[in-house]
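The structure appears below as structure tokens.
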Amino acid sequence: MEEITVDLLRQLIVLDSVNPALVPGGAGEAAIADLCAGWLAARGFDIHWLERRPGRPSVVAIARGAGGGRSLMLNGHLDTVTLAGYDGDPLSPRIADGSIHGRGAFDMKGGLAAMMVAGARMAASGQLRGDLILACVADEEHNSLGTEEVLEGFTADAAIVCEPTHLEITVAHKGFAWFDVVVEGRAAHGSRPDLGVDAIAKAGHFLVAVERWAERLAEGPAHERLGPGSVHASLIRGGEEASSYPASCRITVERRTVPGEDPRAELDAILSDVAETVPGFACRVEPGLRRAPFEADPDWPIVGAVLGQAWRVLGRAPVLRAEPYWTDCALLDAAGIPCLMIGVDGGGAHAATEWATLESLDQLTDILTATIEEWCVDGDAEA
């Protein structure tokens with residue numbers, strides 16, 4: 001067991017870093033960002049503090065290479081989900097049965113500790129030719145504002161996101177798009193059906209269409225790794241009181257996407273069909289947050305580097321996987337940075353208990369250290 005990595009992970013778990021965008025009044029990332037900045041500065045990294053949104057900082061720590069090598073960014077998020085409902089004290093790290101327990105141990109303070117220790121090892125070696133960039137980012141659990149801010153000022157030849165993957169290598173994940181469909185009616189007293197138009201009843205036709213949309217997606221063509229896309233109605237709001245016809249009904253739809261899909265075009269076609277078949281149906285669409293899916297090219301050099309080092313450390317061929325959820329890989333890819341994801345083994349992300357195995361923490365640290373050496377020391381900038 002690598003004591004320095006476990007000790008650092010303990011320090012990270014102790015700090016409350018609940019995302020305040022998820023939990024009003026949450027502590028945010030200031031304290032944990034300060035710890036990361038101080039720890040890395042003491043080990044020779046140049047520290048860049050990014051805090052466009054007060055109380056929501058990200059830290060970019062850079063170990064400068066001597067020149068002629070490729071640059072590499074390791075990305076890890078500082079924030080966690082709620083502490084409420086955790087079984088025991090979520091901020092008191094506990095080691096039992098070969099694992100370390102506590103909020104964030106798995107998602108993703110374990111990966112954060114591993115990347116910091118791996119980076120410090122290689123910075124101390126004095127061998128770096130390319131720059132090593134550690135991005136400790138805010139807000140991944142909500143809107144990924146931290147990685148967006150980092151990418152405005154920093155780039156690299158490749159990147160590794162250290163989200164938990166059970167030491168498997170994630171090379172694809174789904175995207176998503178949120179839409180509010182506001183179905184319009186006409187308010188009137190409940191005794192005057194001649195004057196009112198029931199927006200909720202009209203919205204029912206759209207909800208049936210959403211269900212059929214979901215069925216078509218499930219039965220249609222599937223991505224090789226990600227499977228089919230999906231859609232569901234996640235929120236519905238309408239009406240004022242029992243004695244009135246509702247003037248509007250707002251339905252929030254989430255569409256989970258795979259590469260090559262256009263969810264807005266699909267939605268527009270469905271709404272057009274409903275409008276043609278339902279008398280008096282009228283609506284407007286308010287687009288919400290949209291994030292693209294991600295898919296790595298298997299020929300990217302960074303994919304080959306991590307595969308090779310993972311095989312060496314694990315003693316077996318690593319599993320390639322895809323995720324149904326979204327990650328910051330998509331932002332890095334969109335910024336022109338080839339990337340993939342690898343992280344610790346364990347479980348309990350967003351759950352009542354959470355843990356990371358100590359063995360995987362050591363193995364991830366070794367994989368990252370060896371990958372940094374291959375990429376930033378042995379590799380040439382033009383490769």
Side-chain angles (χ1 to χ4, degrees), residues 15-33 36 48-60 73-84 103-104 106-109 111-112 134-155 159 161-164 170 172-181 229-232 234-235 237 250 252-258 261 263-264 267 285-294 323-337 339 341 343 349-350:
L15 295 175
D16 182 350
S17 57
V18 171
N19 189 317
L22 296 176
V23 181
E29 298 88 355
I32 192 171
C36 293
H48 302 263
W49 186 273
L50 309 180
E51 194 173 357
R52 177 182 300 151
R53 294 161 184 83
R56 311 299 308 279
S58 297
V59 171
V60 177
M73 180 184 292
L74 304 184
N75 175 291
H77 66 82
L78 303 170
D79 58 322
T80 71
V81 296
T82 184
L83 306 180
R103 175 58 80 219
F106 183 62
D107 183 18
M108 63 157 293
K109 293 178 179 181
L112 189 64
L134 304 186
C136 308
V137 300
D139 194 50
E140 189 278 341
E141 295 287 5
H142 186 244
N143 275 344
S144 290
L145 300 176
T147 291
E148 285 188 333
E149 188 174 1
V150 167
L151 291 174
E152 290 175 9
F154 300 89
T155 190
V161 175
C162 300
E163 289 272 16
T170 295
H173 66 63
K174 289 184 176 180
F176 66 89
W178 296 338
F179 302 99
D180 274 7
V181 176
S230 62
V231 66
H232 69 279
S234 47
L235 294 169
R237 299 176 295 277
R250 180 181 294 265
T252 300
V253 173
E254 180 184 67
R255 173 73 164 85
R256 291 281 168 164
T257 58
V258 301
E261 294 183 320
R264 179 58 193 265
L267 176 61
V285 177
E286 298 178 1
L289 185 63
R290 181 172 178 174
R291 297 296 195 189
F294 161 73
E323 308 290 359
Y325 53 81
W326 187 87
T327 80
D328 282 351
C329 280
L331 295 178
L332 293 159
D333 183 31
I337 304 174
C339 60
M341 192 163 69
H350 301 206

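It should be emphasised that the depicted structure is a prediction, and the values quoted were computed from it without experimental measurement.
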If you measure from [atom1] on [X] to [atom2] on [Y], what distance do you get to the nearest 0.5 Å?
{"X": "Glu29", "Y": "Asp16", "atom1": "CD", "atom2": "CG", "result": "10.5 Å"}
{"X": "Trp178", "Y": "Glu286", "atom1": "CH2", "atom2": "CD", "result": "15.0 Å"}
{"X": "Phe106", "Y": "Thr80", "atom1": "CZ", "atom2": "OG1", "result": "14.5 Å"}
{"X": "Cys162", "Y": "Leu134", "atom1": "SG", "atom2": "CG", "result": "9.0 Å"}
{"X": "Leu332", "Y": "Ile337", "atom1": "CG", "atom2": "CD1", "result": "5.0 Å"}
{"X": "Glu323", "Y": "Thr170", "atom1": "CD", "atom2": "OG1", "result": "3.5 Å"}

On a heavy-atom basis, which atom in [X] and which in [Y] lie closest, and how many Å separate them?
{"X": "Trp326", "Y": "Glu140", "result": "O-OE2, 4.2 Å"}
{"X": "Asp180", "Y": "Arg250", "result": "OD2-NH1, 2.9 Å"}
{"X": "Pro263", "Y": "Arg290", "result": "CD-NH2, 3.2 Å"}
{"X": "Leu112", "Y": "His77", "result": "CD2-O, 4.2 Å"}
{"X": "Pro57", "Y": "Leu78", "result": "O-CD1, 3.8 Å"}
{"X": "Ser58", "Y": "Gly146", "result": "OG-CA, 3.4 Å"}

State, with a plain yes or no, whether a side-chain heavy atom of [X] is found less than 4.5 Å away from one of [Y].
{"X": "Arg264", "Y": "Val285", "value": "yes"}
{"X": "Arg255", "Y": "Thr257", "value": "yes"}
{"X": "Leu50", "Y": "Val60", "value": "yes"}
{"X": "Trp49", "Y": "Val59", "value": "yes"}

- Task: Without swapping roles, check the side chain of Asn19 against the backbone of Ala21 for a donor-acceptor pair under 3.5 Å.
- Result: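 Between the backbone of Ala21 and the side chain of Asn19 there is a qualifying donor-acceptor contact (under 3.5 Å).
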
- Determine, stepwise, if the pair Ser17 / Asp79 fulfils side chain to side chain donor-acceptor pair (under 3.5 Å). CA-CA 5 Å; Ser17 57; Asp79 58 322; over 6 Å; no

- Please walk me through it: do Asn143 and Glu148 pass side-chain contact (heavy atoms from CB on, under 4.5 Å)? CA-CA 9 Å; Asn143 275 344; Glu148 285 188 333; over 6 Å; no

- Going through the distances and angles, do Cys329 and Glu163 end up as a side-chain contact (heavy atoms from CB on, under 4.5 Å)? CA-CA 10 Å; Cys329 280; Glu163 289 272 16; over 6 Å; no

- Without hydrogens or angle criteria, can the side chains of Ser234 and Glu254 be said to hold a donor-acceptor pair below 3.5 Å?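 No, no side-chain donor-acceptor contact under 3.5 Å.
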
- Message: Pairing donors with acceptors under 3.5 angstrom, does anything connect the side chains of Asp107 and His350?
- Response: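 Indeed, the side chains of Asp107 and His350 share at least one donor-acceptor pair under 3.5 Å.
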
- For the pair Thr327 and Met341, evaluate side-chain contact (heavy atoms from CB on, under 4.5 Å) and give the outcome as yes or no after the intermediate values. CA-CA 9 Å; Thr327 80; Met341 192 163 69; 3.8 Å; yes

- According to the interplanar angle, ranging from 0 to 90°, do the rings of Phe294 and His173 count as parallel (below 30°), tilted (30 to 60°) or perpendicular (above 60°)?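 Tilted.
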
- Task: Could you walk me through whether Leu331 and Leu151 pass side-chain contact (heavy atoms from CB on, under 4.5 Å), step by step?
- Result: CA-CA 8 Å; Leu331 295 178; Leu151 291 174; 4.0 Å; yes

- Item | Worked check of side chain to side chain donor-acceptor pair (under 3.5 Å) between Asn75 and Thr147 | CA-CA 8 Å; Asn75 175 291; Thr147 291; 3.2 Å; yes

- Lys/Arg N to Asp/Glu carboxylate O, Arg53 vs Glu51, below 4.0 Å: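 Here Arg53 does not pair with Glu51 in a salt bridge, since their nearest N and O are not under 4.0 Å apart.
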
- Query: Any salt bridge between Glu261 and Lys174, counting N to O under 4.0 Å?
  - Reply: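 Answer for the salt bridge query: no.
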
